[in-house]
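Working notes, structure below.
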Amino acid sequence: MEHGFVIAHAWLIPALPLVSFALVGLFIRPLSARWAGIVATSSIGLAAALAYTLAWEYWTLFPAGQHAESLVPWSMEWLRYKEGLVVNIGVLVDPISIVLMVVVTTVSGLVHLYSIGYMHGETGYGRYFTYLNLFTFSMLGLVVAPNIVQMYVCWELVGVSSFLLIGFYYDRPSAVAASKKAFIVTRFADLGFMVGVLVLGYWGYGLFETVAPALATEPGALPLQPFDFRYLNSPEFLAAFGSIPAFFGLSLLSVAMLLVYTGAAGKSAMFPLHIWLPDAMEGPTPVSALIHAATMVVAGVYLTARLFPAFAASEDALLAVAYIGGFTSLFAAVIALTQDDIKRVLAFSTLSQLGYMMMALGVSQMAESLGYTASMFHLFTHAFFKALLFLGAGAVIHAVHTNDIWQMGGLARKMPITHLTFLVATLAISGIWPFAGFFSKDEILAAALHGHFTVLFYVALFVAGLTAFYMFRIYFVTFWGAHRAHGAEHAHEAPLVMTLPLMILGVLSAVAGFVPFGQYVHMGEHVEHGGIDFAVALPATLAALAGIGLSAFFYATASERAAKAARFFGRAYRVVKQKFYVDELYLFVTKQIIFHLIARPIAWFDRHVVDGGVNLSGWSIRTLGSESSRLQTGQVQTYGLWFAGGSVVLLFLIWAVHV
Amino acid sequence: MGLVSWLIAVPFLTMLGVVATPANRSHWIRWISAVGCGIQLALTALLTWRYWIVASADFEAMNTATLTQLHFVERVPWFESLGIQYFVGVDGISVAMVILTSIIIFTGVLASWYVDIRTKEFFSLLLLLVTGVFGVFLSFDLFLFFMFYELAVLPMYLLIGVWGTGPKEYSAMKLTLMLLAGSAFVLVGFFALYHASGLHTFDLQQLAQADYPRALQRWVFPMIFVGFGVIGALYPLHTWSPDGHSSAPTAVSMLHAGVLMKLGGYGALRIAVYLLPEGAKMWGLFFMALATINILYGSFGAIMQRDLKYFTAYSSVSHCGFVLFGVAALNIMAFKGAVLQMFSHGIMTGLFFGLIGMVYGRTHTRIIPEMGGLGKVMPWLATSFYIAGLASLGLPGLSGFVAETHVFLGGFFGNEWASPWATGTLTLIATMSIVVTAVYVLRGLALVFQGPITNEHFEHLDDAKLPERLSTGLLLATLFFVGLMPWFFIQLTESSLMPLLNRLHEVPVVASLH
Amino acid sequence: MLMLPELMVIATAFAVLLLDVLVPEKRRVVLAPIALAGLALAFFALLATPQDGELLGGRFALDVVTWWFKLLFLLAGFITVLISLDLLDGRVRVRARGIGFRGEYYTILLFTISGMLYLISARDLITLYVSLELCTMPLFLLAAWRRDDLKSGEAGLKYVIYGAFASAFLLYGLSFVYGLTGEMRLDALARQLQGGAPPLLWLAAALIVAGAGFKVTMVPFHMWAADVYEGAPIPVTAYLSVASKAAGLALMFQMFYRVFGPWLHEWSDLIAVFAAVTMTLGNVVAIVQNNIKRFMAFSAISQAGYTILGFLGPLDTGIPAMIFYLLVYIVTNLAVFACIVWYSNETGREQIQDYRGLAQTNPVIALMMMLGLFSLAGIPPLSGFVGKFFLFSVCAGAGYHWLVAVAAINSTVSLYYYLRVVRQMYIEPPEENAPRLTASPTLATTMAALTVGVVLLGIVPVFYETIHGQTITWLAALAQ
Amino acid sequence: MIQAAVYTLLFYLFGGATIALALVTVLNRRMLRAVMGLMGVLAMSACFYIMLSAEFLAGVQILVYVGGIVVLMVFAIMLTQTVDVLVEVPHWSRRALAGAAALALLLAVAGLGAGVPLEAPAGAGIPEDNTVAIGKALMDYGPRGYVLPFEIISLLLLAAAIGGIVVARKTAPEDQPLTSGGDLADEGLLQTAHTQRDEEAWVPES
Amino acid sequence: MTTFLAAQTPGLTHWIVLSGVLFAIGVYGLLTRRNAIGVLMSIELMLNSAALNFVVFNHFRAPAGVDGQIMAIFVIAVAAAEAVIAMAIFVAIYRRRGTLDVTSMDALKD
């Protein structure tokens, strides 16, 4: 099949940031920081343009509503583990990868642009753009991965870029700690992913002979490999694999999927692996916007969606996805109610929204795949409004030099563009018609309801209300009322290079909901879900409005009501404010258990027992030597005794040999 | 004299050149060493290229062969009555190891550019040591192998004892004695094979064609494996490594962790598994279990270390565990993983120790808590350190990932002589190390390079100088090369590893002995 | 003409003795060169001597093993004279009191060498016994040569008592051998014994092995060695540690191969145990020594343990391995002793700590000494390694894998104490203002030549191959 | 018959006496008495030799041993022992251990030696004159001769004499350097030797 | 009586035992005598018993030859040399130390 130019050369999309990364990192950065920013940004811009063209070409090829094939227009052999177990690197083009490419390049391009202004004058300006490019490349590589190993590879790379960017201010201990935490927690989750890959690889390879002939290889493409998603997602494989029992009544497929999901949960910060995300806000704000709101954190969702047929084949895994997602959304929303740091509130809101997306996947079925679409849709819209929120918050922080919302206030007049775009985003996330969030959230709620997950539906509904409440809380506190601190008084609007992305994202957040998403992205046969389901939309909107109202009641004007309410909840409030002490629990586990109960005893054991064993053998030989040397008494007659005794013993031994 | 002999001769001749230079001309000595190692590097490139041309013809044939195909073979009878000969040659594994060694010694010489105490002795010993290492990787006669093996170990004593730091005498003695005690076991194994084969030869290729009774393999295999395991830091015989590495001077740590520890894995693969397939089948699981302990134990041990070198040494214990794990797992992926890990760890840890030396040369401390914020004043070193650290935690794109996934997949796929549940469980336990590695690497590096500068004395330190940049740059490039283009090494080693695997499946046939 | 080397040695001895009387004190420096010349002549005479033949109705015979042993004895004697002469001629920086009487010294030395030459050629019990005494007893005197030195005297006393005791045991054992067969000739009595051995033979064997064990310092018959080595003048110590030990081994060859041959195989376990105990005890005790001579004594004891491993194997591998190892051992040990003699000549010190910083004051000599020590430890590619390798191979060939392990581990242990010396030389800094010492041309040449030998013997295969080839041929001829 | 009886009687008489004298030799505290005991043992042995039809040997025994060696010992005792100073009380443990060792050896000899019936080869006659036979054998170059050990033993005796003189001769005064040529050392010569050495000193480190 | 005695003619065994007793006494003396000359005398006892053994065996086992007797002669000569050497050393030591107590000779030891 003849593809369009961009489809055929889709590898350019991840390659551009890579080339730019190498160029900027090795050559441009040392020479000129300014050009580093420009080159980095334009490379992403170009990639974004290519991504749009790709989308256009693709949906020209497979018009909306039709069955859309996944294409692998380019691939090459990279790692040959053994005969029949080869990892190809390549580019997979299918609806969700295109959506993600569009989102990633768009948000990344805008963040790059924004950063030119935001990071202006910072030390490490060039380094920053190098990292951003690296991240963008890795994320795009992840998105286009045609097999699970490439996914894992890029998965790790985004982890590292995230690590580097969170710890960008490396002389700030809190940033260093946060970056480590982010990396290690996600790494821990990746362990599950990796084991999942091992399990899939092992049985994938084992079943390949019997299953693969059913899967025709496309002409011209590299032969199908056990790691390929196309193989892993194929019903033939899943049928064979799903029939192998593991333990506790779980099928091996469920075990593998749960393991893979652990990785996804780590990246997407599902409870209880969520703890790194709020801390990750130590990085520069644009980074939070790009990585920790719009793109990287949705990689988990993307992975789950990518392997959706496999998850769907294992009901247990999918149930776990649904309930963990639902719980996380509630849990994070509750915490978000009490936080004072603007970025942290946004971080918890991200958590909550990621929970939504996961839940949407979890409530979906192969046959009834509305949730799948909804999840991707929400991913799509959320990327825009959450990036916007972060960038807006970044502009505010840039202006007032603090993250504490109680140090802000009254910024609406000083920063009109920021204020307006922030409001749009807040409305979008709260799910108010006609902003983007309304549509996607509506679809998620609908999916939950139709999937007969009633509890989750009500949870989601409640969370929608909470979301509106806390988002408006920060909106009110930040932009309304009087200046509360010195910084806020002198705040002024950000330069154009920063506000331009805000405005673009504002527009996107406002209109993205009208994209007929379900036409393009669906699993199996397209499920018609046109229009608005009022059974869902009405309660959702009501919940949102209730949240906004309550928020206005507490925070729109300066009053003691909020403080009173906090006092009323007393201990419960403190527990929530301390994020349910999950961090402390982790700290206990790492410090007390891993460091003090495992590492320290092992270090001690090594120094004293193992090493002691070696020293002991040395000591015993020396002691044996000094003890034996005492035989040398200097008395010749004693020596003679030994001689005579030796002869007798010798005689006895010879005699013994012969008897 | 053929190419392979030159590879052994060049370091030796360089050593002679150094010896002939007056001791007070330390600058000449450095240049002679650097040029000699440069020539060696060039020769290595030539070897690689020629090997590729010559060997690629029979890559296919090796898939079913049970004897590894040697190239550029040179044979000279030596002690004929005992069947001892000078027998050198290369196969893919050797080529990979030679590349590693050439790179490490070249960078090691650059890293020791500023050694100014007893320079002449230092470089001569270093070159003598590396002569031994090349000899081991290139010889295919057990006598010759053993000879070079000990030659590679012994200069270590003086190198650590004279130029080391800390409890250097103790460390040097412990290292030397433990390694040679290990070689004692190897020797016992060699003799057992020699006599059991009845061939009156130490020729590895011929010994490989002999049929050893199972009872013999049962005890000889662990002998040889443990003997090599000592230098490969097999738990619990690894304890020479932290002390030795931490006391050694920079280039010696580099060589030692980078190359010498590989002799263990190399020997275990080349001799223990190659000659004793039955033994390998019997003991594979046991040594896999030990190597698993290695992997986790080393990484947990590293967490609590205060000294950068101890820290790296424990991480080496962990990483060498992967090598032994791969060797013991007995399948092609694991074997490849083991060789790749040897290469990767060699480069990575060489880089680590080189960098530690450079940092130490500036700060005069290696105690992690005493440092902090160094990234600000020495960005080159910090970046290199981070890349090495990331390689060590198995980041894709760097060499560690390729090696580790090979090993993990290999372990997980297991083999037909061990319960799949056992190998699978061990692999799962071993995979946990990737988290622990992340913990200690990031924690350690963060304490050294990140955060505010803790000591105002550090404010004025300088970044890497040219020789240092050259050496780190070369090592970094290698890390990336292996990580990004793994197929080169995979292709290189796979054809030579297949015979090892095939031997496990077939009872070796005593063919006509030529 | 078969006896030419012996006669030359004896003639030289008499020449030296005569010249000592005739030549004034000032001119007595010529004695050593004459002794050397005589030994060299004997050496060349030996080279010209066929490796096969007998004299005096078979009382004196030559074969390959004999020939090689003679070569070794002459070599050891030659080098001993070389390392003695500086001390005896007074060309030393620090003079040792009480060593002198060059003429008598060389004469006695040459007599003992001739005793050894006869010992290995002897083919009857009487000649064997008498020549053994000739190569043992004068050494008692040499050990006590520094007669106003308490230690030297004490060494002599212990040596004479212990030596006589051992010799009496040996003699008593020989008497039973004679009694069992009524024959003095080795071939005849061996033929008699082949028919079957009564238990009395075990007593004889025990007593004889004990007596021979004394000479090769086999545990537990080794205890004299350390004290005597420490007390004796250093060149004498060197001589005791190589030549005397070689004579002991020659005696063992004579007894084990010519008399007890049929039972040797059955005694393998015993030999293995004694070898293991000998090397282990020698090694572990050497660890705690501080005096370098005493240290070398225990090192030599452990080397004896390695050497007798050769008796475990069949003749065609065991014999060449032992002879080659003996050659290597003589060269190596004398290389080390040459350095020790030199250092003692220059500084008068003989504690291990006294060697500190030698590598910085005298790097070349330190290197030679280190090579020698490493060769003793069995580090490749030095000859000691190769020698041990062959012995271990014999041992493994006999199925004694455990013993190979013990021996190899012992090598490691031995490395520990050799490294102690190396450490003093290389790692420890020299004392302040430690002078750079000079070496006399003779000693320097000797050291250099020995070091070359230490290296070359292990690399150049011709020595071992010759010994091996000749032994094989000889054994094949015997078998016919 | 009588002859045999006498022979037996003599054997036991002499044997008992010899053992008694030997015990005197090793046990008596006074060296002179001990040496007399030794002399007795050696003399008795000469008698044994006669009983064993080795008359020539008996003569040699008396001449060399009793006449030579024992006299030497007496002189040595006189020389080294002004009065009977040394109180010989060995430690009980040493005596016990030595006794045990000696007993073990004795048991071994008696047990193994006596347990073996060794018969004289049948038809072997006693040579008429062993003195002649011994003389012949000592001078015979042939397969039955012992000329070689005879020569060797002369070397041994010579060496013992030369060395004995060197070792036993009076020591030179403390202040005399004894590095070369014993007490005849010439300081001037030594100096020359020393400086000469410095000139021709080989400096190995280049 | 005579018959009895004649019947009891000492055989080889008796002689071996006799020499064995002498040898053992020599061993005992060597190991216990403190005076070096006493030690030397014990050695002479042992050598003598060995020589006696040779003569006994010569008489009983090879009466045709005189090998054993010749050996005995050599043993006597060796004993003489031994005595000379030992005496020389003893005298030298006595000069320096003023004693010949072998138990006090332990300057050389570990």
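So that the names make sense, note that chain A is the first sequence line, chain B the second, and so on, each numbered from 1.
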Problem - Working for side-chain contact (heavy atoms from CB on, under 4.5 Å), residues Phe165(C) and Val39(E) - result: CA-CA 10 Å; Phe165(C) 191 52; Val39(E) 173; over 6 Å; no

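- Contacts between Ile89(E) and chain C at a heavy-atom distance below 4.5 Å involve the side chain alone, from C-beta outward.
- Of the listed residues (Leu47(E), Leu30(E), Val56(E)), the greatest number of heavy-atom pairs within a distance under 4.5 Å of chain C belongs to Leu30(E).
- Ranked by heavy-atom pairs under 4.5 Å with chain E, the first of Gly231(C), Ala164(C), Gly182(C) is Ala164(C).
- In this structure, the portion of Phe23(E) lying under 4.5 Å from any heavy atom of chain C is its side chain and not its backbone.
- Ranked by heavy-atom pairs under 4.5 Å with chain C, the first of Gly26(E), Gly20(E), Gly68(E), Ala92(E) is Gly68(E).
- The two residues Ile16(E) and Phe176(C) come nearest to each other via the heavy atoms CG2-CE2, 4.1 Å.
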Which donor-acceptor pairs sit under 3.5 Å apart between chain E and chain C?
{"unit_1": "Ser19(E)", "atom_1": "OG", "unit_2": "Tyr172(C)", "atom_2": "OH", "d": "3.1"}
{"unit_1": "Gly20(E)", "atom_1": "N", "unit_2": "Tyr172(C)", "atom_2": "OH", "d": "3.2"}
{"unit_1": "Asn53(E)", "atom_1": "ND2", "unit_2": "Ser175(C)", "atom_2": "OG", "d": "3.0"}
{"unit_1": "Arg61(E)", "atom_1": "NE", "unit_2": "Gly179(C)", "atom_2": "O", "d": "2.6"}
{"unit_1": "Arg61(E)", "atom_1": "NH2", "unit_2": "Leu180(C)", "atom_2": "O", "d": "2.7"}
{"unit_1": "Gly68(E)", "atom_1": "N", "unit_2": "Tyr178(C)", "atom_2": "OH", "d": "3.1"}
{"unit_1": "Arg96(E)", "atom_1": "NE", "unit_2": "Asp148(C)", "atom_2": "O", "d": "3.0"}
{"unit_1": "Arg96(E)", "atom_1": "NH2", "unit_2": "Asp148(C)", "atom_2": "O", "d": "3.2"}
{"unit_1": "Arg97(E)", "atom_1": "NH2", "unit_2": "Glu154(C)", "atom_2": "OE1", "d": "3.1"}
{"unit_1": "Met105(E)", "atom_1": "O", "unit_2": "Lys158(C)", "atom_2": "NZ", "d": "3.4"}
{"unit_1": "Ala107(E)", "atom_1": "N", "unit_2": "Glu154(C)", "atom_2": "OE1", "d": "3.0"}
{"unit_1": "Ala107(E)", "atom_1": "N", "unit_2": "Glu154(C)", "atom_2": "OE2", "d": "3.0"}
{"unit_1": "Leu108(E)", "atom_1": "N", "unit_2": "Glu154(C)", "atom_2": "OE2", "d": "3.0"}
{"unit_1": "Leu108(E)", "atom_1": "O", "unit_2": "Lys158(C)", "atom_2": "NZ", "d": "3.1"}
{"unit_1": "Asp110(E)", "atom_1": "OD1", "unit_2": "Gln289(C)", "atom_2": "NE2", "d": "3.0"}
{"unit_1": "Asp110(E)", "atom_1": "OD1", "unit_2": "Arg294(C)", "atom_2": "NE", "d": "3.1"}
{"unit_1": "Asp110(E)", "atom_1": "OD2", "unit_2": "Gln289(C)", "atom_2": "NE2", "d": "3.2"}
{"unit_1": "Asp110(E)", "atom_1": "OD2", "unit_2": "Arg294(C)", "atom_2": "NH2", "d": "3.4"}

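- In terms of heavy-atom proximity, Ile93(E) sits nearest to Gly153(C) at CD1-O, 3.1 Å.
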Exercise for the section: Please lay out, stage by stage, how Leu171(C) and Met46(E) fare under the test side-chain contact (heavy atoms from CB on, under 4.5 Å). Expected result: CA-CA 9 Å; Leu171(C) 182 66; Met46(E) 291 161 71; over 6 Å; no

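- Residue Ala226(C): no heavy atom, backbone or side chain, is found under 4.5 Å from chain E.
- If you measure heavy-atom distances from Leu134(C) to chain E, you find no contacts under 4.5 Å at all.
- For Ala155(C), the parts lying near chain E are the backbone and the side chain together; criterion is any non-hydrogen pair under 4.5 Å.
- Contacts between Leu40(E) and chain C at a heavy-atom distance below 4.5 Å are absent for every atom of the residue.
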Problem - Full working for side-chain contact (heavy atoms from CB on, under 4.5 Å) between Phe57(E) and Leu180(C) - result: CA-CA 8 Å; Phe57(E) 281 126; Leu180(C) 283 170; over 6 Å; no

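- Nearest heavy-atom pair across Met71(E) and Leu125(C) is CE-O, 3.9 Å.
- Comparing Ile70(E), Val78(E), Val75(E), Leu31(E) by heavy-atom pairs within less than 4.5 Å of chain C, the highest count is held by Val78(E).
- For residues 68-91 of chain E, the set of pairs meeting the ring pair (Phe, Tyr, Trp, His ring centres under 6.0 Å) definition, not counting sequence neighbours, is empty.
- With sequence neighbours left out, the side chain to side chain contact (heavy atoms under 4.5 Å, CB included) criterion links Val288(C) to Ser626(A), Ser629(A).
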